[in-house]
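Below is one structure, written out as structure tokens; comments come after it.
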Amino acid sequence: MTDAAATLALIAEEVAHCTACPLCRTRTNAVPGEGPADAEILLIGEGPGQREDALGRPFVGPSGDLLEQWLAEIGLVREQVFIANVVKCRPPGNRDPEPSEIAACAQFLDRQIAALAPKLIATLGRHSMNKFFPGGKITKIHGIRGVKRVGQTVFLPLFHPAYVLRNMNAMPDAIADIRLVPRLIARLNQRLHEEASQPSEPEIDEPTAPPHQTSMF
């Protein structure tokens with residue numbers, strides 16, 4: 001087992017026994033997430049629904065079926081990506097997760113991201129989008145308009161499949177957005193290669209600039 005796989009397994013075990021917020025009292029199963037430890041793509045949804053809670057797996061209902069259709073558009077199956085949520089237990093009645101619940105789960109998601117070191121993180125819906133695009137509106141920044149690069153990872157905001165199932169007029173945009181994924185990863189690989197090939201600049205005695213987010217385009 002690789003270090004990343006061991007870390008992800010440890011996180012899953014911790015999630016299964018987590019009592020950090022009241023959602024633990026109403027869950028059937030925690031849903032830590034699933035996928036290969038070497039996945040280049042991390043998909044982050046909002047929270048488990050009724051079927052996910054029953055099975056302990058993310059995106060296994062109608063939203064999961066649509067997500068798999070989107071992945072097929074770019075020649076992938078779900079077993080090739082890692083799928084997680086911002087909260088690991090089902091909010092009662094499938095309500096939106098509360099800020100305190102998202103905060104309680106944040107350490108698990110942050111550790112999953114660190115272990116995976118994915119090349120692309122796609123957010124599904126507004127709650128996962130808000131973690132990386134605070135203050136953004138999904139209808140305005142989904143797809144190419146919201147793409148950004150931070151370090152060695154590209155972030156792509158996508159509609160949540162459940163939203164598209166309720167608003168089928170959004171389907172063409174959703175498919176166009178998912179088709180960006182291979183293009184963005186190829187562009188990232190190119191940029192990383194170019195940056196690695198550039199000679200190192202000499203150190204200068206100046207204050208270090210604060211970290212910044214770099215647009216892919």
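Keep in mind it's a predicted model, so treat the numbers as computed, not measured.
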The test is side-chain contact (heavy atoms from CB on, under 4.5 Å); show your working for Gln112 and Leu8 and say whether it passes.
CA-CA 6 Å; Gln112 287 173 322; Leu8 293 170; 4.0 Å; yes
Let me know which of Leu55, Ile83, Val31, Asp53 forms a side-chain contact (heavy atoms from CB on, under 4.5 Å) with Val60.
Leu55
Centre of Phe108's six-membered ring, under 6.0 Å away, within 45 degrees of the axis: is that where NZ or CZ of Lys88 sits?
no
I'd like to know if Val77 and Leu43 are part of one continuous hydrophobic network [Ile/Leu/Val/Met/Phe/Trp/Tyr, side-chain heavy atoms within less than 4.5 Å].
no
Heavy-atom closest pair (Pro36 atom, Phe82 atom, distance to 0.1 Å) is O-CD1, 3.9 Å
Going only through I, L, V, M, F, W and Y residues with side-chain contacts under 4.5 Å, is there a path from Leu42 to Ile11?
no
Near Gln152 CD, under 6.0 Å, is it more than 12 heavy atoms from other residues, nucleotides or ligands?
no
Do the side chains of Phe133 and Lys148 get nearer than 4.5 Å, heavy atoms only?
yes
Among side-chain atoms of Asn130 and Arg126, is any donor-acceptor pair under 3.5 angstrom?
no
What's the verdict on side-chain contact (heavy atoms from CB on, under 4.5 Å) for Arg149 and Leu184, showing C-alpha distance, side-chain angles and the deciding distance?
CA-CA 10 Å; Arg149 174 187 166 191; Leu184 291 173; over 6 Å; no
Is it true that, when you exclude Gln80 itself, more than 12 heavy atoms of the residues, nucleotides or ligands shown sit nearer than 6.0 Å to its CD?
yes
Got a salt bridge between Arg78 and Asp65, using NZ or NE/NH1/NH2 to carboxylate O under 4.0 Å?
no
Please report the shortest heavy-atom distance between Pro48 and Pro91, naming the atom on each side.
O-CD, 3.8 Å
Nearest heavy-atom pair of Cys24 and Cys18: which atoms, and what distance?
CB-O, 3.3 Å
Could you report the tightest heavy-atom contact between Pro58 and Gly33, atom names first, then the distance?
CG-CA, 4.1 Å
What I want to check is whether the side chains of Glu194 and Gln198 have a donor and an acceptor closer together than 3.5 Å.
no
Is a salt bridge present between Arg90 and Glu52, judged by a nitrogen-to-oxygen distance below 4.0 Å?
no
